[in-house]
Structure formats: structure tokens, C-alpha cells
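Shown next, in C-alpha cells, is the structure this report addresses.
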Amino acid sequence: MSLIEKHRNIIDYTLSSLGRRKGKTFAVCLVYSFIIFLLASVVFFTQAIKREADLLLREAPEMTVQRLEAGRQTTVPAAYADGIGRIRGVQSVQKRLWGYYFDSLTGANYTVMVNASLNGREGQAIVGSGVLLRGAAEGESRKIQAGDSLPVKTYRGEALMLKVAGILPFASELETADLIQVSERDYRDIFNAEAGRYTDLALQVRNRKELATIATKIVRQYPDTRPILREDILRTYDAIFDWRGGLSIMTMAGALFAFIILAWDKATGLSAEEKKEIGILKAIGWETGDILQVKFWEGVSVSLTSFSIGIFAAYLHVFVGSSLLFEPVLKGWSVLYPDFRLTPHIDAYQLVSLLFITVLPYTVATIIPSWRSATIDPDSVMRA
Amino acid sequence: MRRLIRKSDIFLAYVLLQAAALGLMLVDAAVRRSLAEPVLRQRAEVVRVLGLTDLALFTEARYTRNPSLADRHSPFQEHPLSLEHFPSGSVVSPPSHLTLPAGR
């Protein structure tokens, strides 16, 4: 009998054996698939969002300069911008005004920033597609639309009505969901911001290789400033969604512990029925190697089925279903949460890694107890 | 004589089907990536024009809304014993330029 024919016979037997334990096999597949689904969802989500952040934030300012006061960020005087602009290698300095605004009507936090194109168009705003408006009659919040009036309470306690002149593209909701862009005068009115002071400075340099040198010169000239390079911004999202990051470690730890319990249950022993089956097979002439091959194919068939189900479910969850399961974790107490759909940045390397960390340990955990049972006397196994 | 379809044949076909489905998933991912490219370019342009530095994923606290611009003390800003308490604060790790010993 050829080797292939022998394995086909063993697979025939293995599938019949699994068929006799339908309930148990189904339960194991269900739990196993769910664990792989969780692990794969985390891997797909973190890789995709890291890649997306990397592609988008490559266009962030080359250098952002903040000023610190007693460890906290504070406003930058216009004189700093003039002084930094004179440093050799600095091409342009943009004085930026932006801040956070809590809307007590909807409970949402917004990022209010100045858009120079709105200067001279006071009372108008361009907003992100996630910005909410509290409905007067129905008492519920709804997404704002062009032409709506957004009431804002200034830091002097006055009401300011902003007419929505435009909505930022829905596709960019992941970056702009909470933005409210206004003119400089409206910004200073809302936050009662002192004239001649800015939130931070965005710099453009002539030669990117000089970024670190320019940053050192800025700190030497203005020791209370903190330059943040674009590379720092890009690394931030690598750190947030690193495998040690909160989201990854929380989900992966739970899934891995569940997996360890599943594998441990397999590795610590077989049921009396399974032992009896091994004893009978040995008594009718099967060799230890044949029994191990049965268990190997059992592990492979259960693992591969669970792996496929878990991976497909994770793909649908992350890239079609907008990672619904992660939403409560990421949203926290926020009222606003961007409606976004990630682009799938998956490759064969991720799939093979997932295959190795899930299928291999389970298959090994299936074989070990069978090897222990298969090497003992069939008579004692059947009598036990 | 009619040849019976064995369980091992079905298993082999099933494994091949799974492999093909995984391959199709990778193809689907590649197609989606190429379709999303123009949109991503448009979004990157929005980031460039508006000078954005962060994703609007976590809007509940300012140090999670703009983690790359957060300072070392922002999660404990209210007073020295005010412990960080926002749910997303436990999801967002501090940016690497704040955790480096010689960080600016």
C-alpha cells in the first residue's frame, strides 16, 4: 500500500471518528474559531490602521513647535515665530491656532481650528462630517449639514452662531470627524484668546536632513519650546498600535489564555471513550505511529477549519463591518466616533504567522496525550 | 463499476477550497487597496492642507485626541494625584518620543 493510500485510509477513519463525536468537535471548532477570529481581528486592525496613519500623516507638518510652561503646553508669542523663521534652513513658519471645545448640548468634544480661507467670512464654519447638532424639537442629536447653524458658547459666556458653509469629505472622517474650522477672529472670540499668541507653529524646512539640527537650534534659542518632528508623529501610531499597546495586549491576552485552556484540556488527557478507541485500534493491529497519524489528521482538520472560519470572520469584521467589536473599546466615553472603513493591508506573512501561533500548538497538544495512551498496553487501556 | 467518493477526497477538496478562499481574500485585499488609493491620496491632501497631526480616533481627552502632541504631564494635568481615568487612555500608549530617556 502506497504512503498516499495509507494516509487516505487514515483520513477516512479520522473523519468518521470525528463524525461520531459531532457535538464535541463542533464545540471545539466554535471556541477555536472565535479565538482565531479575535487574534486575527487585532492583527488586521492594528496593521491596517498603522499603515493608514503612516500613509496619511506623511503629509503632517515637517516640524511642530510647542511652548511649555510648568510642563504644560501653552501659547507661543508671535515673536517666537519671527525668531524661528530667521533660523537658517527654515523655509516657512505657520502660526497655528487650534483648541478643544466641549459642546455641552451634545456632550461632544470638538477640535476648533483656524482656516485662513475663512478670514473675512466671520460667522461661517467648515466642519467635519462627524459634528453633531442638537435638534430643538426632537431633543436628539443629528449629524450637521451645510446651511445649518451651529451654536457655540464663547469663553466670555456669549452665544455665537456659526453658519456651516461646508462639510469636509466624509471619506476623511478618520482624520477630520471632530473638526470645526473658523476664522481667526471667531477663534479668538470663542476662546477669548489673547492677540499675538498662537497655539503652536508648523514649520517647513528647505532640507529634510537638517530637521534635527534646526530642532536643536530652536531649543537652544528658545529653551521653553518643544519641537515635534513628523517622524515622531509617525512613530506615535506605531507605538499606540504596537503589540504591547492596550488594544493588542488586552484582546490578545484574553484570546491566548482561552487558547491555552483549550490546548491544556487537550494535552492533559483523553476521554475514557478516546482511550478505549485507541486500545481497540492497537488490539486489532494498529501501530503507535498509525494512531499518532490519526490524531495528527484530527488536529489538522479541526485546526484548519477553525483557522479558515476565524480568518474570514476577522476579515469581514475589520474591513467590511468597520471593526464593530472594537468600537466600544476605542470610543470610550467619547460622543463622537469616526465612521471609517479601513483598507485591507494584509499579506501572506500575517496569515502564516497566525497559522503558526494557532494551528501548530493545537496540533501538538492533540498528539501528545494520544502518544502517551498509544504507547501503553491496549489491554490496560480498554479495562481502565 | 461506479467509484465511491471517499471522505479523504472530500477532505482534500475542502482543504484546497479553503486555500483558494484564503488566496481570494488576499486578491480582494489587493483590489480594495488599489481602489482606495485615489481616496487615500485625497485624504492625505486634506491632512496636508489642514496641517493635521493625528487621527480623530479618540476624542474624549486632549492627550488621546492628539497623542503625538501631548506633553509628559497631560494625563495628570488636574493635580498631582489626578490619575488618568479615560477608557481610551488605557488603549493609547504614550508616543515613543515621550518615553525616550533623552526625549525632548
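Below, read A as the first sequence line, B as the second, and so on, with proteins coming before strands; counting in each chain starts at 1.
Note on B:Leu55, B:Val47, B:Leu52: by heavy-atom pairs under 4.5 Å with chain A, the leading option is B:Leu55. Contact tally against chain B (heavy-atom pairs below 4.5 Å) for A:Gln94, A:Arg96, A:Arg58: the top residue is A:Arg96. In terms of heavy-atom pairs under 4.5 Å with chain A, the best-connected choice from B:Ile10, B:Leu40, B:Val39 is B:Leu40. The greatest number of non-hydrogen atom pairs below 4.5 Å with chain B, out of A:Asp178, A:Leu336, A:Asp238, is found for A:Asp178. In terms of non-hydrogen atom pairs under 4.5 Å with chain B, the most contact-rich of A:Tyr110, A:Phe340, A:Trp98 is A:Trp98. Between chain A and the options B:Glu45, B:Arg41, B:Arg65, the largest number of non-hydrogen pairs under 4.5 Å is found for B:Arg65.
A distance-only check finds a donor-acceptor pair linking the side chain of A:Arg226 to the backbone of B:Leu69 [under 3.5 Å]. Remark: the backbone N or O of A:Ser308 is not paired with any side-chain donor or acceptor of B:Gln18 at under 3.5 angstrom. Remark: the backbone N or O of B:Ala29 is paired with a side-chain donor or acceptor of A:Tyr315 at under 3.5 angstrom.
Of the atoms belonging to A:Gln66, it is side-chain heavy atoms, and not backbone ones, that fall under 4.5 Å from chain B. At a 4.5 Å heavy-atom cutoff, the contact between A:Tyr237 and chain B is made by side-chain atoms alone. Heavy-atom distances place the side chain of A:Thr111, and not its backbone, under 4.5 Å from chain B. Both the backbone and the side chain of A:His345 come within contact range of chain B, judged by heavy atoms closer than 4.5 Å. Only the side chain of A:Gln181 comes within contact range of chain B, with heavy atoms under 4.5 Å apart. There is no contact between A:Leu234 and chain B, counting heavy-atom distances below 4.5 Å. There is no contact between B:Leu35 and chain A, counting heavy-atom distances below 4.5 Å. Contacts of A:Arg230 with chain B are absent, with no heavy-atom separation under 4.5 Å from either backbone or side chain. There is no contact between A:Ala202 and chain B, counting heavy-atom distances below 4.5 Å. With a threshold of 4.5 angstrom between heavy atoms, B:Leu12 does not approach chain A through any atom at all. Residue B:Ala30 does not touch chain A at all, counting heavy-atom pairs closer than 4.5 Å. For A:Ser16, the parts lying under 4.5 angstrom from a heavy atom of chain B are both the backbone and the side chain. Heavy atoms of A:Ile10 lying under 4.5 Å from chain B are absent altogether. Contact of A:Phe102 with chain B is not made at all, since no heavy-atom distance falls under 4.5 Å. When heavy atoms are compared at a cutoff of 4.5 Å, A:Phe307 approaches chain B solely by way of its side chain, counted from C-beta outward. Contact annotation for B:Val15: only side-chain heavy atoms (C-beta onward) come within less than 4.5 Å of a heavy atom of chain A.
Between B:Met25 and A:Ile346 the shortest side-chain heavy-atom distance falls below 4.5 Å. Residues A:Pro61 and B:Thr53 meet the side-chain proximity criterion, which asks for heavy atoms closer than 4.5 Å. Using a 4.5 Å cut-off on side-chain heavy atoms (C-beta onward), A:Tyr337 and B:Phe58 make no contact.
For A:Asp347, the side chain to side chain contact (heavy atoms under 4.5 Å, CB included) partners two or more places apart in sequence, or in a different chain, are A:Tyr349, A:Gln350.
Here the rule is side chain to side chain contact (heavy atoms under 4.5 Å, CB included) with B:Lys7, and of A:Leu15, A:Thr14, A:Ile11 only A:Leu15 fits it.
The heavy-atom pair separating A:Glu173 from B:Ala56 by the smallest distance is O-CB, 4.4 Å. Here the shortest heavy-atom pairing between B:Leu50 and A:Thr176 reads CD1-CG2, 4.2 Å.
Here the straight-line distance linking atom CZ of B:Arg32 with atom CG of A:Leu342 works out to 11.0 Å at 0.5 Å rounding. The distance from atom CG of B:Leu57 to atom OG of A:Ser334, rounded to the nearest 0.5 Å, is 9.5 Å. B:Leu22 CG to A:Phe312 CZ: the interatomic distance, rounded to the nearest 0.5 Å, is 4.0 Å. Atoms CD and CG, on B:Gln42 and A:Leu56 in that order, are 11.0 Å from each other to the nearest 0.5 Å. With values rounded to the nearest 0.5 angstrom, A:Ile240 atom CD1 is found 9.5 Å from B:Ser88 atom OG. Distance check: A:Ile228 CD1 to B:Asn66 CG gives 9.5 Å after rounding to the nearest 0.5 Å.
More than 12 heavy atoms of other residues, nucleotides or ligands lie within 6.0 Å of CG in B:Leu16, so this atom counts as buried by the packing criterion.
A donor-acceptor pair shorter than 3.5 Å can be found between the side chains of A:Asp12 and B:Ser8. B:Tyr14 and A:Thr305 are linked by a side-chain donor-acceptor pair at a separation below 3.5 angstrom, with hydrogens and angles left out of the test. Judged by distance alone, the side chains of A:Asn109 and B:Arg62 never bring a donor and an acceptor atom under 3.5 Å apart.
Checked for salt-bridge contact, A:Glu52 and B:Arg43 meet the test: a charged N lies under 4.0 Å from a carboxylate O.
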Do A:Glu5 and B:Arg6 pass the salt bridge (charged side-chain N to carboxylate O under 4.0 Å, His left out) test, and can you show the C-alpha distance, the side-chain angles, and the key distance before you say yes or no?
-> CA-CA 12 Å; A:Glu5 194 54 35; B:Arg6 291 170 58 173; 2.7 Å; yes
